[in-house]
Amino acid sequence: MANINSNANGSWQAQEEGFTEICGLLEQQISPTSDKSKIWQQLQHYSQFPDFNNYLAFIFARAQGKSVDVRQAAGLLLKNNLRTTFNTMPSANQQYIKTELLPCLGAADRHIRSTAGTIITVLVQIGGVAGWPELLHALVKCLDSNDLNHMDGAMDALSKICEDIPQVLDSDIAGLSERPINVFLPRFLQLFQSSSASLRKLSLNSVNQYIMLMPTVLYVSMDKYLQGLFVLANDPAPEVRKLVCSAFVQLIDVRPDFLEPHLRNVIEYMLQVNKDRDDEVALEACEFWSAYCDAQLPPDNLRDFLPRLLPVLLSNMAYADDDESLVDAEEDGSLPDREQDLKPRFHASRFHGSEDGEDDDDDTVNSWNLRKCSAAALDILSNVFGDEILPTLMPIIQSNLGNTDDGAWKEREAAVLAIGAIAEGCITGLYPLLSEIVAFLIPLLDDKFPLIRSISCWTLSRFSKYIVHGTSQQEGREKFSKVLMGLLRRILDDNKRVQEAACSAFATLEEEAAEELPPLLDIILQHLMCAFAKYQRRNLRIVYDAIGTLADAVGRELNQPKYLEILMPPLIAKWQQLSNSDKDIFPLLECFTSIAQALGSGFSQFAHPVFQRCINIIQTQQLAKGDPVSAGVQYDKEFIVCSLDLLSGLAEGLGSGVESLVSQSNLRDLLLQCCMDDAVDVRQSAFALLGDLARVCPIHLHSRLSEYLDIAAKQLSTPNLKENVSVANNACWAIGELAIKVQKDMASIVMTVITCLVPILQHVEGLNKSLLENSAITLGRLAWVCPELVSPHMGHFMQHWCIALSVIRDDVEKEDAFHGLCAMVKTNPSGALSSLVYICQAIASWHEIRSEDLHNEVCQVLQGYKQMLNNGAWEQCMSNLEPHVKEKLAKYGV
């Protein structure tokens with residue numbers, strides 16, 4: 001192929017031979033019967049030539065004699081190439097490509113216009129608009145041309161730019177008197193009135209992208225924008241109505257003040273569109289109710305509409321005829337899962353301390369739709385309005401439940417879903433009816449329609465607290481037993497959807513019913529292990545979860561030979577059947593983690609092969625990271641994370657019994673590597689294991705102690721602490737655990753760690769609660785083992801530290817921290833004098849100090865200060881304390 005060719009005026013020209021060859025290749029590429037890998041290799045060969053992309057641009061823009069498909073293929077290939085090669089191209093080629101693209105905005109064929117818009121967006125992503133002034137000029141010219149093709153091409157490109165990189169148009173650009181968005185936005189608003197549905201859609205979509213950014217030009221044009229939305233509200237094109245709904249949802253979220261004067265009209269509109277014949281429009285409208293409640297606007301505005309809104313939500317909660325779940329629901333449980341049924345699963349790394357977030361309820365079905373959105377809206381409305389919604393809702397629910405015709409099963413199912421959705425928000429109003437509701441739901445577990453059986457499992461699980469709470473009376477015990485047995489029956493259902501719902505519901509019930517389960521362990525284990533033998537791959541994961549939750553709930557009660565004989569052989573058989581690179585081993589590792597913690601020393605008979613396998617998996621994966629061929633597997637960090645967490649479970653369960661396993665392995669070297677890994681979740685689990693090992697066998701960490709401490713300290717001084725907060729949290733906890741075991745051996749690292757902890761305690765805004773608690777405890781533990789090193793510096797941190805200690809709940813870790821406080825004050829009493837009020841408040845935060853030693857130490861500290869402060873200074877200090885603090889201090893004799 002010829003290289004760059006220039007004619008007299010310096011512009012590039014295509015040669016016939018190169019043009020024909022590349023067109024031929026593109027024709028083969030789009031042919032369904034061609035050898036794709038061979039064509040790919042040939043295209044790679046051509047891409048070595050410096051002007052290959054010029055040819056693609058030429059074919060895309062000018063090859064009028066070729067089919068649109070070939071031209072479009074050239075454009076898409078050009079787009080992909082530009083992502084990687086544009087910045088290194090000769091500037092003449094860059095300019096050529098840009099110049100060829102602009103006329104395509106007005107091409108007669110819509111596909112060419114659209115592809116041109118896509119390529120232009122990629123170029124703007126790479127280089128912004130500052131280096132391409134002709135682009136802005138061309139876009140404005142097209143919009144103002146009154147030619148539909150030119151207007152559509154320009155709007156298509158602008159809509160893509162606004163979607164992908166909206167900030168580019170809302171920036172100051174050298175050589176331009178104003179920001180590009182100031183020029184475009186008035187034109188977008190004008191196009192809301194276009195007779196072309198495509199232009200109305202593209203212009204509205206473009207403006208919607210700026211609601212979050214809210215440039216000045218949109219802020220000052222808000223009235224015009226809202227008027228435009230009201231005009232488009234009943235547009236014949238569903239895509240436009242959907243975008244109107246999306247605008248209102250975003251505005252209520254970001255700038256509800258703009259909608260306030262029009263709120264009743266907006267709510268009225270959303271209510272109407274929530275019944276739109278187009279499901280996507282109705283879905284977008286339905287998002288409004290949750291957004292409204294999340295924005296914490298006055299509920300009064302919505303209250304008047306509830307009698308009309310609630311029936312719409314309930315009606316939309318019934319399965320649509322084309323819902324994919326209806327097909328899945330018919331699937332026989334004995335059929336193996338298809339690969340696409342196996343959703344990726346993610347293991348949550350081990351975390352030491354109080355979690356800030358709550359788990360979201362895992363949704364068992366795949367995609368968001370009108371049914372789920374309506375149920376979520378009902379849930380949130382029930383939390384805002386509580387029992388007020390029941391007089392409207394319950395008669396409809398009761399009427400739908402009472403219709404037992406086969407043809408009405410979807411309405412019956414939606415009514416059961418609705419009861420589950422309001423279970424939390426309306427619990428006060430439902431309470432007198434709960435006995436009746438549960439009694440009604442139990443027979444539905446055996447309904448002939450599988451989706452009624454599965455939803456009944458979920459709804460019953462939403463009342464777990466109440467069902468368990470009632471077991472103090474005979475009637476309640478019978479009800480609990482019926483629910484438990486009903487769910488166990490459904491766990492063995494032949495339908496996969498029902499199996500999944502029943503297992504998840506049972507896991508929820510187990511968490512609530514921990515104390516009620518031991519007498520029933522035999523029958524529960526029989527059912528779970530029967531399911532274990534029966535289930536296909538996807539649902540097996542949920543059985544593992546139910547077994548793990550059971551182990552967490554009943555703890556040592558599980559450690560009896562008769563239970564272990566039921567539970568362990570099938571799990572061990574599966575364990576031996578799965579290879580070290582099979583991802584199905586993840587949930588099994590998690591399950592073993594819970595069992596090891598529950599059985600304690602009872603797990604020691606199974607511990608050796610489990611421990612050894614975790615070591616092997618970590619070793620193989622660390623090798624695969626650098627050399628997958630030698631390792632024989634592809635690297636996947638999740639194998640390391642799950643194995644580290646299971647080792648933590650073993651350390652926690654076996655206690656010092658894990659020592660013999662650790663001493664005969666290379667775990668301390670592997671763990672050190674994991675603590676230095678570049679993956680956040682690997683480091684998080686590695687430091688959790690380091691802390692667990694420090695508690696039970698610190699002797700085996702001794703040879704590499706300084707390296708461990710050094711790496712752990714580094715996690716606390718990272719500039720992006722907030723992004724890696726879980727790693728910092730576990731590293732901080734591990735340092736504290738090591739400190740109380742190795743004591744004076746900490747001396748070399750103490751000040752390094754203190755320097756990292758003090759800024760955490762001083763700048764608490766937005767930091768994770770657990771990291772603050774662990775920082776305060778670890779600082780105290782270091783002060784306890786090395787008071788002479790820490791006490792000279794306490795003036796820098798004493799006040800912030802005492803504030804952090806005051807909010808920690810009473811436990812052994814808090815005791816350790818206060819031992820450190822007392823040790824420092826004894827070493828350097830005058831150093832803490834200026835913080836005495838804070839020390840008193842921290843001491844008063846105890847409900848009761850159970851350790852006699854610590855109680856006496858605290859008494860000595862307070863008595864010491866009382867003697868030290870004479871001439872009324874002690875009384876002066878006491879007068880600065882709240883009455884309840886003084887009352888608490890009386891326990892310590894001052």
Side-chain angles (χ1 to χ4, degrees), residues 79 82-83 86-87 91 94-95 97-107 113-194 196 198-226 228-229 243 246-247 250-251 254-255:
K79 175 202 73 170
L82 292 178
R83 284 189 195 283
F86 186 77
N87 284 330
S91 60
Q94 292 179 344
Q95 198 50 49
I97 291 167
K98 286 177 172 179
T99 309
E100 288 299 304
L101 282 173
L102 292 181
C104 298
L105 289 171
R113 295 198 298 271
S114 180
T115 305
T118 306
I119 305 169
I120 286 168
T121 305
V122 168
L123 289 176
V124 173
Q125 277 173 330
I126 295 166
V129 290
W132 195 1
E134 303 88 347
L135 171 65
L136 296 177
H137 178 70
L139 290 169
V140 172
K141 195 175 167 190
C142 286
L143 289 182
D144 294 348
S145 67
N146 279 333
D147 174 271
L148 262 183
N149 288 344
H150 282 80
M151 293 166 81
D152 188 70
M155 252 343 295
D156 183 89
L158 281 162
S159 178
K160 286 167 181 162
I161 292 169
C162 295
E163 264 186 35
D164 295 346
I165 27 171
Q167 62 285 3
V168 161
L169 299 183
D170 186 28
S171 312
D172 294 318
I173 291 168
L176 291 184
S177 58
E178 52 185 342
R179 295 182 170 193
I181 192 62
N182 297 354
V183 174
F184 288 119
L185 194 110
R187 289 173 165 83
F188 295 162
L189 294 174
Q190 200 60 44
L191 287 172
F192 283 13
Q193 297 165 32
S194 167
S196 153
S198 170
L199 287 176
R200 296 196 302 276
K201 181 187 87 167
L202 293 169
S203 58
L204 176 52
N205 184 47
S206 301
V207 182
N208 285 3
Q209 306 307 319
Y210 287 93
I211 294 174
M212 297 287 176
L213 292 173
M214 197 51 70
T216 311
V217 65
L218 179 55
Y219 186 87
V220 299
S221 313
M222 188 49 69
D223 282 345
K224 192 166 184 196
Y225 176 40
L226 291 174
L229 289 174
L243 287 167
S246 166
Q250 287 185 68
L251 282 167
V254 182
R255 294 304 301 257

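For clarity, every value in this text was computed on a predicted model and none was experimentally measured. One is the number of the first residue; the rest follow in order along the sequence.
- Interatomic distance, M151 CE to S194 OG, rounded to the nearest 0.5 Å: 6.0 Å.
- Listed here is the closest heavy atom pair of Y219 and R255: CE1-NH2, 3.7 Å.
- Between I126 and N87, the shortest heavy-atom contact is CG2-OD1, 3.5 Å.
- One finds the CG atom of L199 at 7.5 Å from the CE atom of M155 (value rounded to the nearest 0.5 Å).
- In this view, Q190 satisfies the side chain to side chain donor-acceptor pair (under 3.5 Å) rule with no residue, not counting sequence neighbours.
- The closest donor-acceptor contact from the side chain of N208 to the backbone of L243 lies under 3.5 Å.
- With rounding to the nearest 0.5 angstrom, the CD atom of Q209 is 10.5 Å from the CD1 atom of I181.
- Separation of atoms CE (M212) and CE (M214) is listed at 9.5 Å; rounding is to 0.5 Å.
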Next item on the list: For I120 and L105, run side chain to side chain contact (heavy atoms under 4.5 Å, CB included): C-alpha distance rounded to whole Å, both residues' side-chain angles, the deciding distance at 0.1 Å, then the answer.
Entry: CA-CA 10 Å; I120 286 168; L105 289 171; 3.7 Å; yes
Extract all donor-acceptor atom pairs below 3.5 Å that involve side chains of residues 169-178 and protein atoms in other chains or at least two apart in sequence.
residue: D170; atom: OD1; partner: R179; partner atom: NH1; Å: 3.1
residue: S171; atom: OG; partner: Q167; partner atom: O; Å: 2.6
residue: D172; atom: OD1; partner: R179; partner atom: NE; Å: 3.1
residue: D172; atom: OD2; partner: R179; partner atom: NH2; Å: 3.4

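- Of all heavy-atom pairs spanning P215 and Y210, the tightest one is CD-O, 3.6 Å.
- The shortest non-hydrogen separation linking F188 to S203 is O-CB, 3.5 Å.
- Judged by distance alone, the side chain of Y225 and the main-chain N or O of L189 form no donor-acceptor pair under 3.5 Å.
- Between L82 and I97 there is a side-chain heavy-atom pair separated by less than 4.5 Å.
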Next item on the list: Start with the C-alpha gap between L202 and L191, add the side-chain angles, then the distance that decides, and say whether side chain to side chain contact (heavy atoms under 4.5 Å, CB included) holds.
Entry: CA-CA 9 Å; L202 293 169; L191 287 172; over 6 Å; no
Checklist line | Steps toward side-chain hydrogen bond (donor to acceptor under 3.5 Å, both in side chains) verdict (T121, D164) | finding: CA-CA 8 Å; T121 305; D164 295 346; 5.4 Å; no
Item checked: side chain to side chain contact (heavy atoms under 4.5 Å, CB included) assessment of L251 paired with I211 -> CA-CA 7 Å; L251 282 167; I211 294 174; 4.0 Å; yes
Side-chain donor/acceptor pairs under 3.5 Å, residues 142-150, sequence neighbours excluded:
residue: D144; atom: OD1; partner: R187; partner atom: NE; Å: 3.0
residue: D144; atom: OD2; partner: R187; partner atom: NE; Å: 3.3
residue: D144; atom: OD2; partner: R187; partner atom: NH2; Å: 3.0
residue: S145; atom: OG; partner: C142; partner atom: O; Å: 2.7
residue: S145; atom: OG; partner: D147; partner atom: N; Å: 3.0
residue: D147; atom: OD1; partner: N149; partner atom: N; Å: 3.1
residue: D147; atom: OD1; partner: H150; partner atom: N; Å: 2.9
residue: D147; atom: OD1; partner: H150; partner atom: ND1; Å: 2.8
residue: N149; atom: OD1; partner: R113; partner atom: NH1; Å: 3.2

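- We find the CZ-NZ distance between F192 and K224 to be 9.5 Å, quoted to the nearest 0.5 Å.
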I'd like a table of donor-acceptor pairs (distance under 3.5 Å, sequence neighbours excluded) in which one partner is a side-chain atom from residues 130-139, with atom names and distances.
none

Next item on the list: May I have the step-by-step check of side chain to side chain contact (heavy atoms under 4.5 Å, CB included) for N182 and T216, ending in yes or no?
Entry: CA-CA 8 Å; N182 297 354; T216 311; 5.9 Å; no
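- Residues meeting the salt bridge (Lys or Arg N to Asp or Glu O under 4.0 Å) test with K160, sequence neighbours left out: D156.
- Listed here is the closest heavy atom pair of N205 and E163: ND2-OE2, 2.6 Å.
- In this structure S206 satisfies the side chain to side chain donor-acceptor pair (under 3.5 Å) test with no other residue, sequence neighbours excluded.
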